[in-house]
Amino acid sequence: MEREKFSSRLGFILISAGCAIGLGNVWRFPYIVGKYGGAAFVLIYLLFLVILGLPVVVMEFAVGRASQRSVALSFDRLETKGTKWHWFKYPAMAGNYLLMMFYTTIGGWMVYYIVKMARGDFAGLDAAGVEGEFGAMLSNPGLMAGLMVLVVVLGFAICAAGLQKGVERITKVMMVSLMVLMVALAVNSVLLEGGQEGLSFYLKPDFQKLKEAGLGEAVFAALGQAFFTLSIGMGAIAIFGSYIGREQRLAGEAVNVLVLDTVVALMAGLIIFPACFAYDIQPDAGPNLLFITLPHVFNAMPGGRIWGSLFFLFMFFAAISTIVAVFQDLISFATDLTGCSVKKAAAITCVAICVLSLPCVLGFNLWSSFQPLGPGSTVLDLEDFLVSNNVLPLGSLVYVAFCTSHYGWGWRNFLEEANTGKGLAFPSGVRIYLKWVLPAVMLFIFLQGYYAKFFS
Ligand code: PHE
């Protein structure tokens with residue numbers, strides 16, 4: 001059977017960008033940058049994006065396109081007979097599930113904020129007031145669970161509508177609206193009175209700050225953020241390779257996705273950091289940073305209620321386009337593996353995700369005494385750490401090894417697939433770098449990161 005394809009190249013780029021651009025850009029990036037001291041961290045992050053992340057994006061696309069399958073079967077199809085690369089599907093799928101187990105909860109926060117903004121609930125509140133509102137939501141497990149279920153069901157409904165009708169059509173509109181509004185808000189924030197200090201925090205590298213935050217841990221976090229934002233390491237972006245034709249070379253497509261993704265993340269920082277300093281909010285506030293900063297921006301803006309609700313709506317779009325992309329992967333995993341229908345796979349996976357997402361919700365209230373990564377940490381932090389700092393970097397290493405080693409798919413096959421079509425070619429001279437240097441650098445960052453985080 002011919003596999004369903006995207007209707008256009010733009011559709012493919014936007015939906016891959018839709019998978020890459022998500023909460024990682026608007027929610028995670030600012031808070032991680034804030035936590036690790038600002039501009040110097042951003043530099044390291046950008047470097048990692050290009051030297052470590054970009055090649056892996058090309059590899060995932062290539063494996064997806066050559067195999068025409070999701071990660072459930074892509075390695076089975078491409079590996080040399082008798083090898084065990086296909087076992088990777090299990091950790092990869094675990095990673096996809098684990099990601100959704102906290103991602104959908106944050107998606108739910110977005111929905112809540114769309115409504116609260118529209119109702120004007122934040123009007124006139126000071127910093128403590130806004131934090132109070134956020135805290136009240138966290139301490140209400142019923143509310144958060146309800147929001148999470150809403151997000152999950154919506155995501156699966158879009159998937160069930162089919163690839164072109166559902167995912168592609170909706171994503172296109174969402175991504176474009178988000179980007180337009182972000183530019184406007186970034187300009188607004190940069191011009192805020194008292195925001196200058198935030199700009200220099202964000203844009204003027206101060207390596208001293210990095211040291212204060214813990215250099216080893218910061219570098220580890222930059223690695224995690226780079227891989228998280230590109231969605232690489234567990235087949236999430238590979239699947240889009242399986243939906244495209246061979247007209248374009250893959251490196252060019254990967255660069256497009258990376259540029260769009262980075263622009264959105266950098267813009268999110270431009271919106272948030274000036275506002276932090278203008279309204280006296282600590283940039284290292286953690287996962288709630290976005291939610292305690294933005295209400296002030298809109299309070300101070302004429303028509304802020306409308307703009308605020310729209311902005312949270314578009315950010316929710318960014319989140320749901322990622323959720324839909326990953327759900328697509330989970331569904332495809334189930335259908336490729338068992339041969340059941342898409343509708344059946346969607347229904348079962350939907351229930352599973354709702355149940356599995358509960359620990360993250362409860363981690364903020366009923367289970368808040370469980371602090372797995374040190375004082376104040378939550379289930380969310382643990383799940384995020386497992387995915388971003390473990391599954392993604394190690395999974396990326398599997399892709400790298402698979403594409404560069406003749407025990408796997410092999411360099412020649414990879415290069416041929418990546419370079420089929422028109423556009424930017426993947427340079428053949430980087431094999432040694434990819435085969436030896438990149439894995440060594442990554443393993444080093446990984447090991448010293450663990451050491452810095454847990455033993456020093
Ligand atoms: N890149 C997504 C984001 O930035 C998150 C993601 C990670 C999606 C890994 C899929 C796989 O929000």
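Each ligand, and each atom within it, is numbered from 1 in the order the structure gives. Atoms considered below: every heavy atom in the structure, side chains included; atoms not considered: hydrogens, waters and symmetry mates.
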**Q** Answer yes if the side chains of D329 and S70 hold a donor-acceptor pair under 3.5 Å, and no otherwise.
**A** no
**Q** Under 4.0 Å from a heavy atom of L99: which atoms of ligand 1 are those, numbered in the order shown and with their elements?
**A** 6 (C), 7 (C), 8 (C), 9 (C), 10 (C), 11 (C)
**Q** Just to confirm my output: which protein heavy-atom neighbour is closest to atom 12 (O) of ligand 1, and how far is it?
**A** Y103 OH, 2.4 Å
**Q** Ligand 1 versus I232, non-hydrogen atoms closer than 4.0 Å: side chain, backbone, both, neither?
**A** neither
**Q** Assess whether a salt bridge exists between D76 and K89, defined as any Lys/Arg side-chain N lying under 4.0 Å from an Asp/Glu carboxylate O.
**A** yes
**Q** Using a 4.0 Å cut-off to any heavy atom of T229, which atoms of ligand 1 qualify?
**A** 1 (N), 4 (O)
**Q** Quick check, are the ring centers of F75 and H86 under 6.0 angstrom apart?
**A** no
**Q** At a non-hydrogen distance cut-off of under 4.0 Å, which region of F228 contacts ligand 1 (side chain, backbone, both, or neither)?
**A** both
**Q** Which one holds for I237 and ligand 1: side chain close, backbone close, both close, or neither close, with close meaning a heavy atom under 4.0 Å?
**A** neither
**Q** Which part of A236 is near ligand 1, with near meaning a heavy atom under 4.0 Å away: side chain, backbone, both or neither?
**A** side chain
**Q** Under a 4.0 angstrom heavy-atom cut-off, which atoms of ligand 1 come close to C19?
**A** 1 (N), 2 (C)
**Q** Given A20, A17, A325, which one has a non-hydrogen atom that is nearest to atom 2 (C) of ligand 1?
**A** A20
**Q** Could you measure the distance from the OG1 atom of T293 to the CG atom of L289? Nearest 0.5 Å is fine.
**A** 4.0 Å
**Q** Near I306 CD1, under 6.0 Å, is it more than 12 heavy atoms from other residues, nucleotides or ligands?
**A** no
**Q** Verify the distance criterion only: is there a donor paired with an acceptor across the side chains of R28 and T229 at less than 3.5 Å?
**A** no
**Q** Salt bridge check, E79 against K84: does any charged N sit closer than 4.0 Å to a carboxylate O?
**A** no
**Q** Does any part of the side chain of V58, heavy atoms only, come nearer than 4.5 Å to the side chain of C403, both counted from C-beta?
**A** no
**Q** Using a 3.5 Å cut-off on N or O atoms only, is G24 in polar contact with ligand 1?
**A** yes
**Q** Who's the nearest protein heavy-atom neighbour of atom 8 (C) of ligand 1, and how far?
**A** S231 OG, 3.3 Å
**Q** Number the atoms of ligand 1 from 1 as they appear, then name those within less than 4.0 Å of a heavy atom of M234, with their elements.
**A** 9 (C), 11 (C)
**Q** Near V326, which atoms of ligand 1 are under 4.0 Å from a heavy atom of that residue?
**A** 10 (C)
**Q** Side chains of D381 and T378: do they bring a donor and an acceptor to under 3.5 Å?
**A** yes
**Q** Which of the atoms of ligand 1 are close to G22, meaning less than 4.0 Å from one of its heavy atoms?
**A** 3 (C), 4 (O), 12 (O)
